[in-house]
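Residues take their numbers from the sequence shown, with the count starting at 1.
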Amino acid sequence: MLPALVRKPFDMPGWVFEEKYDGARILAYKEGSSVTLLSRNAKDRTESFPNIANAVANLQNDTLLLDGEVVVFDRQGISRFQLLQELKAEPRYAVFDCLYRDGVDLRDAALAVRRTALEKTVKASFKDGATVFRSVIVAPNGLTAFKLAERRGFEGIVAKDMSAPYIEGRSASWLKVKVRQEDEFIIVGFTAPAGSREYFGALLLAAFDGGQLRYLGKVGTGFTQKSLARLFLAFQPYVTKNAAVVDPPREKNVTYLSPRLVAEIAYQELTADHRLRQPVFLGLRDDKSPQEIMLPVAR
């Protein structure tokens, strides 16, 4: 189940307002002592996060299906995707839904029922420092929750209708309001390096808009020497002569790439003429396919 993006915070009776985490979405399956962690695109991540798999295995229930976000927190307790990419600290699992528990399929039940099941299953809260913990409900009022999220530096909040069942795909029963602008974009090329930089200068970014792949600008910050080399190597199988976007930039010394790789980008805003302002590269995402990367437009 995925949240739709809305422009402004709101409050509504019967809704809950949770912290929006900046990490990797993971489903955790438990059968007896066996645990499997799967990404959004069904990639097995069990070996990537063994501490989380072990913590889920230690939960008391014989069968479970949990939905949540694997995250790494900075010193202020803020989740950062870039820290997860670099594994600068031990990853933790913020669980926000319980879809199956001890032989009972809960997907058709209201979120209120599923949240109760989650609280019975995962006893730990964020403050306990546990590897697996319940997602944080920021405040009972949506406007207050957003102000608190702004003050604390969260990525945003996710508002959820407590009466709604679990619906696969994007749904208006879950709505996200962002504090920090972060989205996924497709890498469609790179420019030549200049000065002392090696490998490449900046990445060309794009997203689908009405069925067409539209160019959105370049990102040239957020890289280390190590990541420049690693990315340059990853680009080589996708080098192509022709631009994949319908509106390629008028720029020399560009190497175009087939639209296969997805990047997580932080930015200040997307301008009216569809250009990213002050973008910063955070990392590659292999849990999302290019076909699902749409121009970020809020309702």
Side-chain angles (χ1 to χ4, degrees), residues 1-4 14-46 48-71 73 79 84 91-140 142 145 154-176 287:
M1 191 164 178
L2 302 170
W15 285 61
V16 66
F17 302 89
E18 299 179 7
E19 178 178 348
K20 185 180 188 304
Y21 295 98
D22 191 9
R25 186 79 172 269
I26 290 289
L27 289 172
Y29 295 82
K30 179 180 187 291
E31 295 186 19
S33 60
S34 176
V35 171
T36 303
L37 305 179
L38 291 182
S39 69
R40 268 184 57 179
N41 54 351
K43 289 188 176 182
D44 193 326
R45 293 291 185 239
T46 312
S48 302
F49 308 114
N51 67 316
I52 292 173
N54 290 336
V56 173
N58 287 330
L59 295 175
Q60 296 302 306
N61 306 81
D62 289 332
T63 55
L64 285 172
L65 173 52
L66 304 174
D67 192 358
E69 195 95 356
V70 171
V71 290
F73 293 99
S79 59
L84 178 63
R92 297 172 64 185
Y93 188 37
V95 185
F96 46 71
D97 220 323
C98 182
L99 310 183
Y100 192 89
R101 184 176 186 265
D102 289 338
V104 180
D105 188 343
L106 299 170
R107 289 174 295 176
D108 288 336
L111 175 58
V113 174
R114 304 198 310 273
R115 182 76 192 192
T116 299
L118 170 61
E119 291 172 353
K120 291 179 180 178
T121 303
V122 179
K123 307 293 187 181
S125 68
F126 168 75
K127 294 180 180 179
D128 297 325
T131 299
V132 177
F133 65 94
R134 300 186 305 272
S135 61
V136 174
I137 296 175
V138 182
F154 296 161
E155 186 188 358
I157 59 172
V158 180
K160 298 179 179 179
D161 183 351
M162 291 293 281
S163 67
Y166 191 91
I167 304 164
E168 293 184 14
R170 209 163 293 280
S171 169
S173 295
W174 286 12
L175 300 173
K176 59 184 176 181
D287 58 341

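Rounded to the nearest 0.5 angstrom, D22 CG and F154 CZ are separated by 12.0 Å. Here the straight-line distance linking atom CH2 of W15 with atom OG of S173 works out to 6.0 Å at 0.5 Å rounding. One distance of note links CG of L111 with SG of C98; it measures 11.0 Å at 0.5 Å rounding. Separation of atoms NZ (K20) and OG (S135) is listed at 13.0 Å; rounding is to 0.5 Å. Considering CG of D67 and CD of E69, their distance stands at 9.0 Å, rounded to 0.5 Å. The distance from the CG atom of L2 to the CZ atom of R25 is 5.5 Å, given to the nearest 0.5 Å.
In plain terms, the two heavy atoms of S125 and D128 that are nearest each other are N-OD2, 2.7 Å.
At least one side-chain heavy atom of L59 sits under 4.5 Å from a side-chain heavy atom of L66. Within the 4.5 Å cutoff, side-chain heavy atoms of Y21 are placed close to those of V136. Contact check for E168 versus R107: side-chain heavy atoms found under the 4.5 Å cut-off. Proximity of T121 to R101: side-chain heavy atoms (C-beta onward) are separated by under 4.5 Å at one or more points. Here the side chains of P3 and L175 are not in contact, with every heavy-atom distance at 4.5 Å or above.
Each of E18, R134, E19 was scored for a side-chain contact (heavy atoms from CB on, under 4.5 Å) with F96, with one residue passing: E18.
Screening residues 98-132 for ring-ring contact (aromatic ring centres under 6.0 Å, His included), with sequence neighbours left out, gives F73-F126, F126-F133.
Looking only at distances, a side-chain donor or acceptor of T46 sits under 3.5 Å from a matching main-chain atom of L37. At distances below 3.5 Å, not a single donor-acceptor pair connects side-chain atoms of R114 with backbone N or O atoms of L99. Put simply, the side chain of Y93 gets close to the backbone of I26: a donor and an acceptor are under 3.5 Å apart. Judged purely by atom type and a 3.5 angstrom limit, K30 uses its side chain to pair as donor or acceptor with the backbone of N61. Judged by distance alone, the side chain of T36 and the main-chain N or O of Y29 form no donor-acceptor pair under 3.5 Å. N58 places no side-chain N or O within 3.5 Å of a backbone atom of A55 that could act as its donor or acceptor partner. In this structure a side-chain-to-backbone donor-acceptor pair under 3.5 Å is present from N51 to P91.
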Practice item. Take W174 and D97 through the test side-chain contact (heavy atoms from CB on, under 4.5 Å) and record every step on the way to the result. Key: CA-CA 12 Å; W174 286 12; D97 220 323; 3.5 Å; yes
Check your understanding: Do L27 and L65 pass the side-chain contact (heavy atoms from CB on, under 4.5 Å) test, and can you show the C-alpha distance, the side-chain angles, and the key distance before you say yes or no?
Key -> CA-CA 7 Å; L27 289 172; L65 173 52; 4.2 Å; yes
**Study point:** Steps toward side-chain contact (heavy atoms from CB on, under 4.5 Å) verdict (D102, V104)
**Key:** CA-CA 6 Å; D102 289 338; V104 180; 5.7 Å; no
Exercise for review: Give the intermediate values and the outcome of side-chain contact (heavy atoms from CB on, under 4.5 Å) for residues L38 and D44.
Suggested key: CA-CA 5 Å; L38 291 182; D44 193 326; 4.2 Å; yes
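Other residues, nucleotides and ligands contribute at most 12 non-hydrogen atoms within 6.0 Å of the CD atom of E31. A 6.0 Å sphere centred on NZ of K120 holds no more than 12 heavy atoms belonging to other residues, nucleotides or ligands. For R45, the CZ atom is densely surrounded, since the number of other residues' heavy atoms within 6.0 Å is greater than 12.
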